[in-house]
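Read through the structure below, which is laid out as structure tokens, and then see the notes.
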Amino acid sequence: MSSRQKRWIVILVILNAVIFCALTSAFFWQRDALRQTLADVTGEEDFSYQLRALGFLAFSLFQSPRDTADYAPVPYTDMPPFGVNTFFEQEVEEAKIRKGMELIRDAGFKFIRQEFPWEDLEQPRKGEFWDTKFNKSTWEKYDRLVALADEYDLEIIARLDHPPAWTRADGHARGFFAPPDNYEDYGDFVHAVVSRYKGKIKFYQLWNEPNIYPEWGEQDVNASDYTRLLKIGYERAKQADPAAVIISAGLAQTLETGPRNVSDLIFLQQMYDAGAKNYFDILAVMNYGLFTGPGDHRADPTRTNFSRPVLLREIMVKNGDANKPMWAMEIGWNALPPSFENAPYGRVTEQQQAKYATQAYERAQTEWGWMGVMNYWFFKRAYDNEREQPFYYFRLFDPDFTPRPAYDAIKHYTPAARWLGKGFHQETHWTLEYLGDWRTGDYGERVTEKYAIGIPNDILQFAFHGNAAELALAPNPYYGVIEASIDDGEFQKFDLRATDAHAEHRITLAKNLLPGKHRVEVRVLQGELWLDGIVVKQSNEWLLQYVVWIAAGVCFVIMGVVLLARRRASPPKTLQNFKSGDSGEASQTLPLSSKSKIDFEERGLGGAS
């Protein structure tokens with residue numbers, strides 16, 4: 001080995017030692033940030049569990065992706081996703097209801113999920129809505145709630161359950177939540193509520209958590225029976241108000257297989273088997289994080305975590321419901337104090353609870369285009385007598401209106417959460433900004449009923465999280481030209497003419513971008529733009545492109561180093577090498593520098609002719 005090769009080896013050893021020391025130092029000084037990053041991407045706080053989660057995710061890369069039909073058009077996902085559960089029916093003073101609604105509105109929430117208990121409305125017997133204790137209509141309380149919600153620009157999701165004792169021959173013997181003996185009684189109640197609030201309430205949830213005890217009473221749960229109840233409620237609601245949107249009962253997360261508690265995955269498939277598909281407009285789920293954070297991507301039937309909706313969505317697609325949305329009726333994490341020995345819903349600090357709340361909305365908005373409204377559990381309780389109950393510590397406010405950290409975190413997050421995530425987004429999506437004289441076109445009866453029509457000088461602006469964006473265009477027999485800019489770059493023109501003027505098609509605005517948030521501006525230059533939606537894609541194609549270029553660069557550098565090393569290590573030419581062939585050929589194949597030529601001639605070896 002020559003001295004030059006030895007020097008190169010020493011340099012490489014020193015360079016590797018420097019890199020190792022730099023990485024070690026970075027890990028030491030940034031270990032807290034690294035742990036936090038791992039917590040965010042795995043949902044685990046303990047380092048050993050973080051490694052297990054990373055291993056699971058690495059293994060999942062070699063498996064087929066779950067069929068969740070992420071790019072299917074889905075209605076009722078174009079509104080702000082921020083909702084919260086309320087118990088305003090328990091408040092006596094109107095001033096407290098007003099204060100609560102004002103705080104909810106100011107935090108950016110657009111929906112309140114509010115119970116309209118059957119037992120509180122239709123009493124003391126069928127067909128009577130009269131409070132005999134206070135001698136007044138039972139509608140009065142709920143009329144006030146509906147009016148105040150409208151005043152504070154909040155939309156109600158009305159939960160209809162909790163049947164009165166008169167609906168069962170044995171009263172409360174089978175529990176307070178057991179279904180009525182005659183399901184038509186429930187249908188009549190649903191019809192009464194929907195008729196009264198037609199044009200004021202649009203969304204109704206029929207029952208709650210029928211797959212677990214005690215929400216179906218002191219008896220075994222039964223998906224077929226619930227489906228029959230759902231069918232009757234759905235049909236009576238549509239009779240009262242064809243525009244009413246019916247939400248199925250939120251299914252509780254559980255791994256049990258019966259008889260009192262049945263897995264939400266099993267129960268949903270049983271509902272489909274019983275014919276539930278045509279009797280709800282939105283599938284409701286419960287989506288608590290429980291023992292891990294929202295970054296836990298392990299969608300596994302043996303886990304109840306924030307990724308559970310992915311498995312339920314897969315069941316929907318399998319049963320031909322890809323064009324139907326999912327809403328989360330309850331989400332949240334339990335900030336249970338250390339004084340509690342048992343933590344049935346998991347346990348996080350209030351700071352973690354606040355961070356997880358915003359991360360949950362962010363993940364769903366970025367990854368789940370089929371997920372609509374997600375209702376935080378919960379705003380506040382009316383009274384302070386439940387502090388010994390673990391569920392109490394999900395709250396955003398104490399009963400005296402003392403805010404918890406999660407409220408401030410959500411309030412800070414919602415104004416900036418204006419972007420499109422992965423999936424197909426309707427032209428009515430709440431994050432889109434239309435400037436100019438846009439108007440609306442109408443398809444008629446279909447998944448996406450309408451589209452937006454832009455004319456010259458009209459502008460569309462939006463942001464998205466992904467690495468590709470497309471415009472989904474409605475069939476347009478007219479000529480059109482637009483231009484688009486990505487991230488304030490140069491505008492590029494696009495011709496909107498399709499091969500078939502009567503077929504839908506798409507225009508790719510950008511692809512293979514780096515993952516992250518991007519800003520788009522579209523301007524109509526000529527003709528008309530008939531916009532049916534926007535498709536945001538998230539894939540690893542961009543990574544493959546960069547890997548190819550990086551690999552090519554590395555190979556080029558390695559080849560250069562090898563060639564340089566071989567050239568430096570080759571032995572000097574001798575007279576024997578030179579005379580081994582024809583002198584003319586040698587002079588062509590072994591050119592000498594001017595200095596070498598002088599040395600050659602000085603030794604009497606040159607000019608031999």
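As the structure is a computational prediction, the values presented were derived from the model and not from experiment.
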Side-chain contact test, heavy atoms from C-beta onward, threshold under 4.5 Å: evaluate it for [X] versus [Y] and give yes or no.
{"X": "D458", "Y": "D437", "answer": "yes"}
{"X": "E330", "Y": "R113", "answer": "yes"}
{"X": "R418", "Y": "F462", "answer": "no"}
{"X": "D384", "Y": "D400", "answer": "no"}
{"X": "F424", "Y": "D532", "answer": "yes"}
{"X": "H297", "Y": "R363", "answer": "yes"}
{"X": "D398", "Y": "R387", "answer": "yes"}
{"X": "Y288", "Y": "W377", "answer": "yes"}

Does the [X] side chain pair with the main chain of [Y], one donor and one acceptor, at a distance under 3.5 Å?
{"X": "D487", "Y": "G489", "result": "no"}
{"X": "T77", "Y": "W370", "result": "no"}
{"X": "D300", "Y": "T302", "result": "yes"}
{"X": "Q365", "Y": "A417", "result": "yes"}
{"X": "E350", "Y": "R404", "result": "no"}
{"X": "S485", "Y": "E521", "result": "no"}
{"X": "Q90", "Y": "R381", "result": "no"}
{"X": "Y361", "Y": "M374", "result": "yes"}
{"X": "N211", "Y": "A252", "result": "yes"}
{"X": "W438", "Y": "I459", "result": "yes"}

Measure up the F82 and Y413 rings against each other and bin them: parallel (under 30°), tilted (30 to 60°), perpendicular (over 60°). perpendicular

Step-by-step side-chain contact (heavy atoms from CB on, under 4.5 Å) determination, Y197 to D143: CA-CA 9 Å; Y197 298 117; D143 290 349; 2.7 Å; yes

Under the criterion side-chain contact (heavy atoms from CB on, under 4.5 Å), I'd like the reasoning laid out for V348 against K355: C-alpha separation, chi angles, the key distance, then a yes or no. CA-CA 10 Å; V348 297; K355 180 181 68 174; over 6 Å; no

Criterion side-chain contact (heavy atoms from CB on, under 4.5 Å) on L148 and F88, from CA distance to verdict: CA-CA 11 Å; L148 289 175; F88 286 129; over 6 Å; no

Does the ring centre of [Y] sit less than 6.0 Å away from the ring centre of [X]?
{"X": "Y393", "Y": "F340", "answer": "yes"}
{"X": "W368", "Y": "F306", "answer": "yes"}
{"X": "F378", "Y": "F87", "answer": "yes"}
{"X": "Y345", "Y": "F394", "answer": "yes"}
{"X": "W327", "Y": "Y76", "answer": "no"}

Which atoms form the tightest heavy-atom contact between [X] and [Y], and what is the distance?
{"X": "A237", "Y": "A244", "answer": "O-CB, 4.4 Å"}
{"X": "A284", "Y": "M329", "answer": "CB-CG, 3.5 Å"}
{"X": "A406", "Y": "L396", "answer": "CB-CD2, 3.7 Å"}
{"X": "P301", "Y": "R308", "answer": "O-NH1, 3.2 Å"}
{"X": "P309", "Y": "V285", "answer": "CG-CG2, 4.5 Å"}
{"X": "R506", "Y": "A472", "answer": "CG-CA, 3.9 Å"}

[atom1]/[X] to [atom2]/[Y] distance, rounded to the nearest 0.5 angstrom?
{"X": "M101", "Y": "F379", "atom1": "CE", "atom2": "CZ", "answer": "10.0 Å"}
{"X": "W207", "Y": "L160", "atom1": "CH2", "atom2": "CG", "answer": "10.0 Å"}
{"X": "E427", "Y": "I534", "atom1": "CD", "atom2": "CD1", "answer": "9.5 Å"}
{"X": "E93", "Y": "R98", "atom1": "CD", "atom2": "CZ", "answer": "13.5 Å"}
{"X": "T431", "Y": "L420", "atom1": "OG1", "atom2": "CG", "answer": "4.0 Å"}
{"X": "I246", "Y": "Q205", "atom1": "CD1", "atom2": "CD", "answer": "10.5 Å"}

Ion pair [X]/[Y], N-O distance below 4.0 Å:
{"X": "K380", "Y": "E91", "answer": "yes"}
{"X": "K141", "Y": "D120", "answer": "yes"}
{"X": "K324", "Y": "D281", "answer": "no"}
{"X": "R519", "Y": "E433", "answer": "yes"}
{"X": "E155", "Y": "K202", "answer": "no"}

If we count only N and O atoms by modelled type, under 3.5 Å, do the side chains of [X] and [Y] hold a donor and an acceptor together?
{"X": "N208", "Y": "D161", "answer": "no"}
{"X": "T86", "Y": "Q114", "answer": "yes"}
{"X": "E89", "Y": "Y142", "answer": "no"}

Show me the pairs that pass salt bridge (Lys or Arg N to Asp or Glu O under 4.0 Å) and involve residues 63-81, at least two apart or across chains. R66-E314, D70-K422

Using the rule given for side-chain contact (heavy atoms from CB on, under 4.5 Å), can you reason through N375 versus V84, listing the C-alpha separation, both sets of side-chain angles and the distance that settles it, and then say yes or no? CA-CA 4 Å; N375 299 282; V84 65; 5.9 Å; no

So for atom CG, which belongs to D153, do other residues, nucleotides or ligands contribute more than 12 heavy atoms lying within a distance under 6.0 Å? no

Neighbour count >12 (heavy atoms, 6.0 Å) for atom CG, N457: no

